Amino acid sequence: MQSIKTYFANLSQRLGLADELVVLSPRRRAARQPMQLGEVQEQTELYLDLSSGAEEGKGILTGIWGMGAIYMFLVMSPVIFQDWEGALYVFTAAAIMFGITLAVFLLEIFWPSSSPIRFNRRTREVYFQDKDKLYHVPWDEAVAWMQESRTLTQYTGTMTETPLELLLQRYGHPEEVIALRLNLPMGRTAELQGMFWEYLRCYMERGPWFDEQGHSITTSNREEVLEGYRRRKKKATLDLKHYRKLVQDGVFSPGRARVRILGAAFFYPGFFIQDITANYARQRAAANQWHPLVKERCRPDGPTTRLYDLEIAEGLHREESPMPETIDR
């Protein structure tokens with residue numbers, strides 16, 4: 001992986017960040033204990049998927065149109081009982097709105113999006129696919145880093161950002177390297193990002209199942225692992241216990257809590273439709289978006305050769321590559 005190593009060395013020297021970057025390694029601990037942080041979209045005995053962030057907006061348009069269609073029909077429903085022409089008008093308008101909602105739903109379902117970031121334990125390799133471009137890096141050769149920065153403004157106060165990035169190269173084109181962010185940096189400290197990297201390291205080195213301290217366990221805790229992800233991704237919620245606790249703790253007044261509950265109830269249909277759309281989009285993407293080379297290596301009986309090994313066989317890593325083209329994501 002000479003292109004990746006050359007790029008990282010030049011990055012540190014060119015930007016003068018050699019003393020500020022915290023370099024992470026697959027071979028040493030990054031924190032005292034691992035932490036999931038909610039980005040784990042799927043975790044099995046063979047691979048772990050991290051949400052790439054591209055799905056955050058999935059379902060919003062469908063939810064807006066669907067909620068609009070529902071409330072428009074409810075508001076206009078009294079006209080149905082007045083006369084036949086009024087009823088025909090209401091049902092025609094509702095059919096148009098629901099037809100637009102269905103069209104937007106299908107568009108969001110079938111619109112191609114970036115894949116998750118996949119960590120394959122079988123071949124010890126990391127994959128990311130952006131449309132028809134497949135990127136990879138052997139886990140044992142992975143180069144990752146983080147850099148904590150703080151911004152102070154009169155509007156938001158102090159904000160902490162700590163990008164956690166991993167270098168990957170394009171399959172068949174090792175001179176093209178991308179710096180891929182593993183999660184959103186806002187509000188993350190170096191300590192939290194280190195715990196997140198430790199989670200990935202524990203999965204690859206000790207996994208697939210381990211406890212909160214990173215110790216290997218024999219029984220599967222897959223549902224427990226994925227519950228945090230599902231809870232954070234679910235938009236349609238009416239958590240009355242949560243608001244009741246905020247009132248008891250003095251964070252919210254009873255009046256403010258009622259307003260928040262009413263607002264959540266009003267937007268619930270839109271969020272519910274958004275959740276359904278995002279769920280179907282994830283299912284379809286999981287079945288269709290990965291390159292065949294990745295799919296077969298994620299099967300229990302698939303090949304164990306790495307994509308890097310295939311590139312070596314093609315003679316793509318014999319000489320040191322020039323300064324690679326870089327794409328920040």
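The model shown is predicted, which means the values in this text are computed figures rather than measured ones.
- Residue D130 holds its CG atom at 6.0 Å from OH of Y135, rounded to the nearest 0.5 Å.
- There is no side-chain donor-acceptor pair under 3.5 Å between E141 and Y308.
- A continuous path of Ile, Leu, Val, Met, Phe, Trp and Tyr side chains, each step under 4.5 Å between heavy atoms, connects L168 with M204, placing both in one hydrophobic cluster.
- Around CD of E191, the count of heavy atoms belonging to other residues, nucleotides or ligands within 6.0 Å does not exceed 12.
- Y268 and F272 have parallel rings, their planes meeting at less than 30° on a 0 to 90° scale where 60° marks the start of perpendicular.
- In plain terms, the two heavy atoms of L166 and V126 that are nearest each other are CD2-CG1, 3.9 Å.
- For CZ of R206, the number of neighbouring non-hydrogen atoms (other residues, nucleotides, ligands) closer than 6.0 Å is greater than 12.
- Residues A30 and W197 come closest through the heavy atom pair CB-CD1, 3.6 Å.
- At a cut-off of 3.5 Å, with distance as the only test, a side-chain donor of E125 or H136 sits close to an acceptor on the other residue.
- Distance CG/L134 to NE2/H173: 10.5 Å, rounded to 0.5 Å.
- Of all the heavy atoms in A69 and T101, the pair that sits closest is CB-OG1, 4.2 Å.
- Looking at every heavy atom in both residues, I273 comes nearest to G66 through CD1-CA, 3.7 Å.
- For residues 61-79, the side-chain hydrogen bond (donor to acceptor under 3.5 Å, both in side chains) pairs, not counting sequence neighbours, are T62-E108.
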Output side-chain donor-acceptor pairs under 3.5 Å for residues 247-256, partner residues at least two apart or in another chain, one line each.
{"residue": "D249", "atom": "OD2", "partner": "K245", "partner atom": "NZ", "Å": "2.8"}
{"residue": "S253", "atom": "OG", "partner": "R256", "partner atom": "N", "Å": "3.3"}

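- In this structure, R118 is positioned above the aromatic face of Y47, its NZ or CZ under 6.0 Å from the six-membered ring centre and within 45° of the axis.
- Ring to ring, F73 and F98 are not that close: their centroids are 6.0 angstrom or more apart.
- At least one side-chain heavy atom of R222 sits less than 4.5 Å from a side-chain heavy atom of E42.
- Under the 4.0 Å criterion applied to side-chain N and carboxylate O atoms, D309 and R306 are assigned as salt-bridge partners.
- Not counting sequence neighbours, the partners of D211 by the side chain to side chain contact (heavy atoms under 4.5 Å, CB included) test are Q213, H215, I217.
- Put simply, the side chain of E212 never gets that close to the backbone of P34: no donor and acceptor are under 3.5 Å apart.
- F119 has its side chain within reach of L200: a pair of non-hydrogen atoms, C-beta onward, lies under 4.5 Å apart.
- Of the possible polar contacts, one joining the E311 side chain to the G172 backbone as a donor-acceptor pair under 3.5 Å is found.
- One hydrophobic cluster holds both M72 and V79 under the rule that ILVMFWY side chains link at heavy-atom gaps under 4.5 Å.
- Closest heavy-atom contact between I60 and Q274: CG1-NE2, 3.5 Å.
- Q169 and E175 are not linked by any side-chain donor-acceptor pair at a separation below 3.5 angstrom, with hydrogens and angles left out of the test.
- Ionic pairing of R124 and E205 is present here: one or more N-O contacts between side-chain nitrogen and carboxylate oxygen are shorter than 4.0 angstrom.
- For the 3.5 Å distance criterion, the side chains of R297 and T304 fail to qualify, holding no donor opposite an acceptor.
- For R121 and Y203, the positive end sits near the middle of the six-membered ring, less than 6.0 Å away and at most 45° from its axis.
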